[in-house]
Amino acid sequence: MNFNDINFDTYFKNYPDAEGFFGKYGGSYIPPELQAAMNEITDAYYSISKSGKFISELRRIRKEFQGRPTPISYLERLSDKMGGNVQLYVKREDLNHTGAHKLNHCMGEALLAKYMGKKKVIAETGAGQHGVALATAAAYFGLECDIYMGAVDIKKQAPNVARMKILGAKVIEVTDGLQTLKEAVDAAFTAYCNEYKDAIYCIGSVVGPHPFPMMVRDFQSVVGIEAREQFLDMTGELPDAVVACVGGGSNAMGIFSGFLNDPVDIYGIEPLGRGEKLGDHAASLKYGSEGIMHGFNSIMLKDENGEPAPVYSVASGLDYPSSGPEHAFLHDLGRVKYDVVDDEDTINAFFELSRLEGIIPAIESSHAVAYGMKLAQKMDKGSVLINLSGRGDKDMDYIIEKYGIR
Ligand SMILES: *Cc1c(COP(=O)(O)O)cnc(C)c1O
């Protein structure tokens with residue numbers, strides 16, 4: 001099967017199927033006690049979140065609290081520096097409240113929790129970005145919020161830990177194993193198993209068992225819907241290419257979903273980190289193979305025992321050994337091209353966008369900016385729309401310590 005066999009007019013009706021599969025990817029590979037809880041979320045998602053009442057409340061919140069729609073900015077000076085034949089644009093998800101796209105799905109998940117009559121939201125966090133976005137949503141809706149975080153990450157991410165606590169969330173230290181994200185996921189799942197009558201689990205990307213890859217994509221699709229309309233309005237045409245960085249893949253699915261049925265080249269960018277050796281990057285779609293982790297089937301990086309491999313990226317938000325099942329599906333279909341950018345080009349793009357445009361991007365988003373810059377030099381004409389998933393304020397200390405002011 002390739003993408004000519006797929007009717008993208010009806011794509012969102014057909015994918016995922018009722019069991020949560022995008023082709024062979026996705027599904028739900030979890031213990032039976034957890035499956036009952038997932039079924040409850042799936043049923044609630046279909047019955048509640050498709051209702052006019054839910055949709056209009058979410059739209060009002062997006063406008064009045066989140067600051068949507070976020071604008072598209074034309075990058076005149078960066079386009080000129082890349083030769084001037086190709087026009088670069090960014091979709092400004094960095095201008096969302098809390099500084100990134102993550103609030104798009106956290107507000108949706110927390111609103112669903114409220115409609116379901118739950119008292120608490122539960123999640124894990126690695127670098128703390130998802131924890132902060134979910135703590136923000138919980139404060140807004142008056143829900144309790146338990147965030148599971150590895151002891152090592154708690155030490156590394158002190159400002160985000162403080163933010164979550166100020167927002168009223170409980171940060172629960174996980175001291176098993178390597179004391180990082182994987183152990184935090186396990187601890188959060190266990191807690192959810194025990195508490196699912198009163199709580200809902202809120203995942204941080206288009207990953208995990210069904211219905212999360214679908215639900216998070218649908219909540220993020222506002223990015224693509226806005227971007228398509230705004231770009232047409234600004235230029236009278238569609239962009240020739242759309243680019244986004246891929247960790248779990250939520251910001252990418254958000255913007256891609258607006259353009260899947262258009263004659264637009266779509267690029268998902270994974271972190272090449274320090275190089276091609278296993279352990280030096282987190283480019284799962286490029287170097288990985290089919291496998292199951294965290295309750296879903298996708299393409300992942302494995303060690304010699306078939307377990308999730310250690311990964312590395314300069315951007316902690318891209319540091320994940322798999323990506324969402326829908327990306328694996330679009331990868332195999334060839335509808336989206338997945339490519340990589342290394343740390344060096346990423347940091348260069350970080351400084352270029354800051355200096356030439358007055359926008360300090362998140363290091364995650366800088367991967368997409370770097371690829372957009374490469375495309376601008378390679379294409380002989382046209383336009384490229386880059387999803388700027390977040391702002392770089394969170395990365396200041398790290399950049400100054402590791403790279404200095406360039
Ligand atoms: C978390 C994060 C990402 C990576 O998550 P996706 O699910 O792949 O979008 C990218 N950019 C920013 C700014 C983030 O905070």
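Remember, it's 1-based here, ligands and their atoms both numbered in the order they're listed. Since the structure is predicted, the reported quantities are computational estimates derived from the model, not experimental observations.
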Engineer: Strictly by modelled atom types, are Glu124 and Tyr201 linked by a side-chain donor-acceptor pair under 3.5 Å?
Structural biologist: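 Yes, a side-chain donor-acceptor pair sits under 3.5 Å.
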Engineer: Tell me, which pairs form a salt bridge (charged side-chain N to carboxylate O under 4.0 Å, His left out) where one or both residues lie in residues 290-315, sequence neighbours left out?
Structural biologist: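 Every salt bridge (charged side-chain N to carboxylate O under 4.0 Å, His left out) pair that includes a residue of residues 290-315, provided the two are not neighbours, is Lys24-Glu290.
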Engineer: List in chain and number order the residues that pass salt bridge (charged side-chain N to carboxylate O under 4.0 Å, His left out) with Asp17, two or more places apart in sequence or in another chain; answer none if no residue qualifies.
Structural biologist: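 Testing Asp17 for salt bridge (charged side-chain N to carboxylate O under 4.0 Å, His left out), a comparison that skips the adjacent residues, returns none.
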Engineer: Sort out for me which residue in Tyr15, Tyr25, Phe21 forms a ring pair (Phe, Tyr, Trp, His ring centres under 6.0 Å) with Phe329.
Structural biologist: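 It is Tyr15, the one option of Tyr15, Tyr25, Phe21 that forms the ring pair (Phe, Tyr, Trp, His ring centres under 6.0 Å) with Phe329.
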Engineer: What residues form a side chain to side chain donor-acceptor pair (under 3.5 Å) with Glu40, not counting sequence neighbours?
Structural biologist: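 Partners of Glu40 by the side chain to side chain donor-acceptor pair (under 3.5 Å) criterion, ordered by chain and then number, come out as Lys118.
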Engineer: Looking only at side chains, do Tyr403 and Asp343 share a donor and an acceptor under 3.5 Å apart?
Structural biologist: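 Their side chains do not contain a donor-acceptor pair, so the 3.5 Å distance test is not met.
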Engineer: Could you go through ligand 1 and list every pair where one of its N or O atoms sits under 3.5 Å from a protein N or O, giving the atom names and the distance to one decimal?
Structural biologist:
from	atom 1	to	atom 2	distance (Å)
ligand 1	7 (O)	Ser205	OG	2.6
ligand 1	7 (O)	Gly249	N	3.2
ligand 1	7 (O)	Ser250	N	2.7
ligand 1	7 (O)	Ser250	OG	2.7
ligand 1	8 (O)	Gly247	N	2.8
ligand 1	8 (O)	Gly248	N	3.2
ligand 1	8 (O)	Gly249	N	2.7
ligand 1	9 (O)	His101	NE2	3.1
ligand 1	9 (O)	Ser250	N	3.4
ligand 1	9 (O)	Ser250	OG	3.2
ligand 1	9 (O)	Asn251	N	2.8
ligand 1	9 (O)	Asn251	ND2	2.8
ligand 1	11 (N)	Ser389	OG	2.7
ligand 1	15 (O)	Lys102	NZ	2.6

